[in-house]
Amino acid sequence: MRSSPRKAQYWLVKSEPDCFSFDDLWTAPRRTTGWDGVRNYQARNFLRDAMRVGDGVLYYHSGAEPPGVAGIARVASASYPDPTQFDPAAEHFDPKSRREMPLWFQVDIQAVRKLPRFLSLRTLKSEKALARMRVLQRGQRLSVMPVEPAEWGIVLALGGLEARDF
DNA sequence: GCCAACGTTGGC
DNA sequence: GCCAACGTTGGC
């Protein structure tokens, strides 16, 4: 039996630009980095179980002035164990994790396009069509979350990109 | 299994 | 710096 083509999937990831900005990703080797350090089970499940190579990623700057979407990226690898969980010197070392049964996973993400217009949180909130977007719901703190295909299209358009730019 | 205390996130 | 919201921890 053959599987039918997958529907396109989209995600949003958060990063504090003081820590790792979209420009940092853009200038990284192959414009790619391992998205390590995620230590939330719901976010872990998205990384480990749902993300696929080629999925679209909105790169969101949190803790920034202003916060908002800075660029788009793509999932560039299958998920694999986050090596920092095993490193006692790493900030996100997790002594509960075992190499034979890792707790935490990551994917590689690769920058695709910088948004011609940075899309501030304020602007996102003002867009009625995005009212249900997950990142805009009060109290949500996930650093990795799904984005609806329609929302992806609206965000790209607001940011000055077209669908074919991805 | 409950729930209070605590730590973290992240906008403002 | 403040604080609301949330996840985790640990006593019971």
Side-chain angles (χ1 to χ4, degrees), chain A residues 9-28 33-51 55-75 79-109 111-148 150-152 154-161:
Chain A
Q9 289 191 136
Y10 303 100
W11 307 95
L12 179 146
V13 302
K14 293 179 185 171
S15 181
E16 297 189 16
D18 288 349
C19 178
F20 198 80
S21 69
F22 185 78
D23 284 338
D24 291 330
L25 180 61
W26 190 259
T27 55
T33 196
W35 207 249
D36 61 17
V38 174
R39 295 294 182 269
N40 169 284
Y41 285 102
Q42 206 176 343
R44 186 279 308 270
N45 293 346
F46 290 136
L47 289 167
R48 185 189 62 185
D49 305 331
M51 282 186 164
D55 286 355
V57 176
L58 300 177
Y59 198 104
Y60 181 89
H61 284 172
S62 61
E65 189 50 55
V69 177
I72 60 174
R74 62 187 287 276
V75 175
S79 66
Y80 58 96
D82 176 346
T84 66
Q85 71 196 301
F86 305 120
D87 177 3
E91 182 185 357
H92 296 104
F93 172 61
D94 187 344
K96 299 188 304 297
S97 190
R98 299 278 166 264
R99 284 187 185 274
E100 60 275 19
M101 194 187 287
L103 276 177
W104 305 111
F105 288 77
Q106 66 180 80
V107 298
D108 293 344
I109 72 165
V112 174
R113 293 291 297 267
K114 185 168 180 163
L115 286 193
R117 290 190 295 272
F118 178 86
L119 256 190
S120 69
L121 176 60
R122 189 168 179 279
T123 301
L124 293 171
K125 282 178 170 171
S126 72
E127 193 64 31
K128 279 211 177 70
L130 297 178
R132 305 191 62 167
M133 201 175 174
R134 204 142 160 172
V135 72
L136 303 182
Q137 305 311 307
R138 87 187 257 118
Q140 72 71 32
R141 303 182 308 172
L142 275 180
S143 63
V144 177
M145 67 185 83
V147 170
E148 294 301 319
E151 296 166 347
W152 170 268
I154 294 166
V155 169
L156 260 61
L158 289 172
L161 295 178

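Proteins get letters first, then strands, A, B, ... in listed order; numbering begins at 1 in each.
- Side-chain proximity of A:Gln42 to C:dT9, C:dG7, B:dG11: nearest is C:dG7.
- A:Gln9 places no side-chain N or O within donor-acceptor distance of the main-chain N or O of A:Gly56, the cut-off being under 3.5 Å.
- Between the P atom of C:dG7 and the CE atom of A:Met145 lies a distance of 12 Å, rounded to the nearest Å.
- At whole-Å resolution of the value, CG in A:Leu124 and P in B:dC12 are 11 Å apart.
- Between the P atom of C:dC6 and the CD atom of A:Gln140 lies a distance of 9 Å, rounded to the nearest Å.
- Between A:Leu25 and A:Tyr59 the shortest side-chain heavy-atom distance falls below 4.5 Å.
- With rounding to whole Å, A:Leu121 atom CG is found 18 Å from B:dT9 atom P.
- Looking at the side chain of A:Lys14, the nearest of the listed nucleotides B:dG10, B:dC12, C:dT9 is B:dG10.
- Between the CG atom of A:Leu142 and the C1' atom of B:dT8 there is a distance of 13 Å, rounded to whole Å.
- Distances were taken from every side-chain heavy atom of A:Tyr60 (C-beta onward) to each of C:dT8, B:dT9, B:dG11; the shortest belongs to B:dG11.
- Judged as a side-chain hydrogen bond (donor to acceptor under 3.5 Å, both in side chains), and not counting sequence neighbours, the contacts of A:Tyr80 are A:Gln106, A:Asp108.
- What separates CD of A:Glu16 from C1' of B:dG10 is a distance of 8 Å, to the nearest Å.
- Listed by first then second residue, pairs satisfying salt bridge (charged side-chain N to carboxylate O under 4.0 Å, His left out) with a partner in residues 82-104 of chain A read A:Arg39-A:Asp82, A:Asp94-A:Lys96, not counting sequence neighbours.
- Atom CZ of A:Arg141 and atom P of B:dT8 are 11 Å apart (whole Å).
- A straight line from CD of A:Glu65 to P of B:dC12 spans 9 Å, rounded to a whole angstrom.
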